[in-house]
Amino acid sequence: MDIRPLIIGALLGVTGLALGVVLFFAGNAGVMTLTADAVMLPWFGFALVAVLLAVWVSGMVLTRRLNEPLLALAESVSRINRGKLERPIPYLSRRDGIGQLARALVALSARQRLEVSSAIDEAQQARRSLMVANNRLGEVNDELQASRAELGSIQSRLETVEVSDQATGLLNHRFFEQALASELKRIQRNGKALSVALYRVTGWSTLVRRHGKEVANGVMAKIGNVIADTVRTTDLVARYSDDSIVLMLPETSGRSAGRVVEDIHKLIALMEFDSPVRQNEVLVAGGLAATDTDDGKSEDIPSRLEQALIRSMAEGGEALGVA
């Protein structure tokens, strides 16, 4: 009988493991199946399971060995990003890819440390610059305050110069004119009287020629101070011209002012002056004008004062002239 192998198959058990080999033969008489119990391999399945288990365990171990350094290096990267560069980088001694990655992280950490150090230096420099700027600002502020104080002082001196006669320290003619105009407007509203007196040194030019203008100004200053010390604080004493001093008495009638102005005139006549000026060299005439006399012509007060002085000088300056 001619028998030829047709199929070689595996006999599997219920669990799926190989239990034997099945041979199918084809011959003249048909197909013959031979089950060779003698060649069944009962231990083959167990060996295959053992091999697979070993492969799985090895894979787990290998995965763990790879994951541990990767996780450690990932933690190092996280610390570097947070700027925490104190802890060392692990696995530097390894010669594999993990070691290369660790050494790359060391280079990154060094660069990060350098950048942080540079940023700290720049911040400290900026802080020092800010402190210097603050100090300079304080100095500039102090200088500004000093400049403002000096400016205020200058302005005050300028205001004093504008209203004062520099030679005598008395108020000047300009200030008197402004005060007179203001007072005349006020008396038009309240109806009260205003009196103005004028004292003139008749020998002024002779006094200047003999002793100089500085000495003559000293005589005028002394006369003005005597007048100011005699009258009220509300009254105004000013240098009207080189040889004249004016006295303004607000809310004072001509009658009341006449007694005060005449007393001052007598007081000036008795004054003694510093050497080299002699008493008989200073002759002072006095005149008075008031708004409640001469029909109330208040706008003509300066011209009326001149008329009053002419009358006084006609009497040798010994009597007070009234206009």
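Atom CZ of R232 is surrounded by more than 12 heavy atoms from other residues, nucleotides or ligands within 6.0 Å.
Once rounded to the nearest 0.5 Å, the distance linking CD1 of I310 with CZ of R200 reads 8.5 Å. Between S182 atom OG and E177 atom CD the span is 13.5 Å, to the nearest 0.5 Å. Here D235 contributes atom CG and T230 contributes atom OG1; the two are 10.5 Å apart, rounded to the nearest 0.5 Å. Here CG of D142 is found 9.5 Å from CG of L137. Values are rounded to the nearest 0.5 Å. Expressed to the nearest 0.5 Å, how far CG of L305 lies from OG of S312 amounts to 12.0 Å. One finds the CG atom of N190 at 14.5 Å from the NZ atom of K185 (value rounded to the nearest 0.5 Å).
Residues R127 and E122 fail the side-chain proximity criterion, which asks for heavy atoms closer than 4.5 Å. I227 places a side-chain heavy atom less than 4.5 Å from the side chain of I268. Side chains of L247 and L236 form no contact here, defined as non-hydrogen atoms less than 4.5 Å apart. At least one side-chain heavy atom of L180 sits less than 4.5 Å from a side-chain heavy atom of L194. Two residues are said to be in side-chain contact when any heavy atoms from C-beta on lie closer than 4.5 Å; V277 and H211 meet this criterion.
By the rule that hydrophobic residues join a cluster once side-chain heavy atoms approach within less than 4.5 Å of another member, L170 and V208 end up as members of one cluster. Following chains of ILVMFWY side-chain contacts shorter than 4.5 Å, one cannot reach V201 starting from V246, and the two form parts of different hydrophobic clusters. Placement of M248 and M220 in two distinct hydrophobic clusters is found when ILVMFWY residues are connected by side-chain heavy-atom separations under 4.5 Å, directly or transitively. Under the 4.5 Å side-chain heavy-atom criterion for grouping Ile, Leu, Val, Met, Phe, Trp and Tyr, F176 is connected to I187 within one hydrophobic cluster. Residues F273 and I264 are members of one and the same hydrophobic cluster, defined by side-chain heavy-atom contacts under 4.5 angstrom among Ile, Leu, Val, Met, Phe, Trp and Tyr.
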Checking V196 against L249 for the side-chain contact (heavy atoms from CB on, under 4.5 Å) test, could you report, in this order, the C-alpha distance in whole Å, the side-chain angles of both residues, the deciding distance, and whether it holds?
CA-CA 6 Å; V196 181; L249 303 164; over 6 Å; no
Could you walk me through whether L198 and L288 pass the side-chain contact (heavy atoms from CB on, under 4.5 Å) test, one step at a time?
CA-CA 6 Å; L198 187 63; L288 173 65; over 6 Å; no
Should I223 and M271 be marked as a side-chain contact (heavy atoms from CB on, under 4.5 Å) after you check the CA-CA gap, both sets of side-chain angles, and the distance that decides it?
CA-CA 8 Å; I223 293 173; M271 288 178 60; 4.2 Å; yes
Could you give me the CA-CA distance, side-chain angles and deciding distance for M313 and T202, then say whether side-chain contact (heavy atoms from CB on, under 4.5 Å) is met?
CA-CA 8 Å; M313 292 170 65; T202 57; 4.0 Å; yes
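A salt bridge does not link E272 with K222: every distance from a Lys NZ or Arg NE/NH1/NH2 to an Asp or Glu carboxylate oxygen is 4.0 Å or more. Looking at R136 and E139, a side-chain N of the basic residue comes within less than 4.0 Å of a carboxylate O on the acidic one, giving a salt bridge. Salt bridge absent: K192 and E183 never bring a charged side-chain N and a carboxylate O closer than 4.0 Å.
Judged by distance alone, with hydrogens and angles left aside, the side-chain atoms of Y199 form a donor-acceptor pair with the main-chain N or O of V261 at under 3.5 Å. Judged purely by atom type and a 3.5 angstrom limit, E281 uses its side chain to pair as donor or acceptor with the backbone of R278. Checked by atom type and distance alone, the side chain of N135 pairs as donor or acceptor with a backbone atom of M131 at under 3.5 Å. At least one donor-acceptor pair under 3.5 Å links the side chain of N172 to the backbone N or O of F175. Side-chain atoms of T291 never come within 3.5 Å of backbone atoms of A193 as a donor-acceptor pair (strictly under, hydrogens ignored). Remark: the backbone N or O of S253 is not paired with any side-chain donor or acceptor of S256 at under 3.5 angstrom. Listed for the R209 side chain is no donor-acceptor partner under 3.5 Å among the backbone atoms of W204. With hydrogens and angles disregarded, a donor-acceptor distance shorter than 3.5 Å links the side chain of H265 to the backbone of V284. Remark: the backbone N or O of S195 is not paired with any side-chain donor or acceptor of T252 at under 3.5 angstrom.
For the residue pair D165/T168, the side-chain donor-acceptor check at 3.5 Å is satisfied. Of the N and O atoms on the side chains of Q125 and R128, at least one donor lies less than 3.5 Å from an acceptor on the other residue. With no hydrogens or angles considered, a side-chain donor-acceptor pair links R239 and N217 at under 3.5 Å.
Considering every non-hydrogen atom in both G321 and R311, the closest pair reads CA-CB, 4.3 Å. Minimum interatomic distance between R304 and A290 (heavy atoms only, all atoms of both residues): NH2-O, 2.7 Å.
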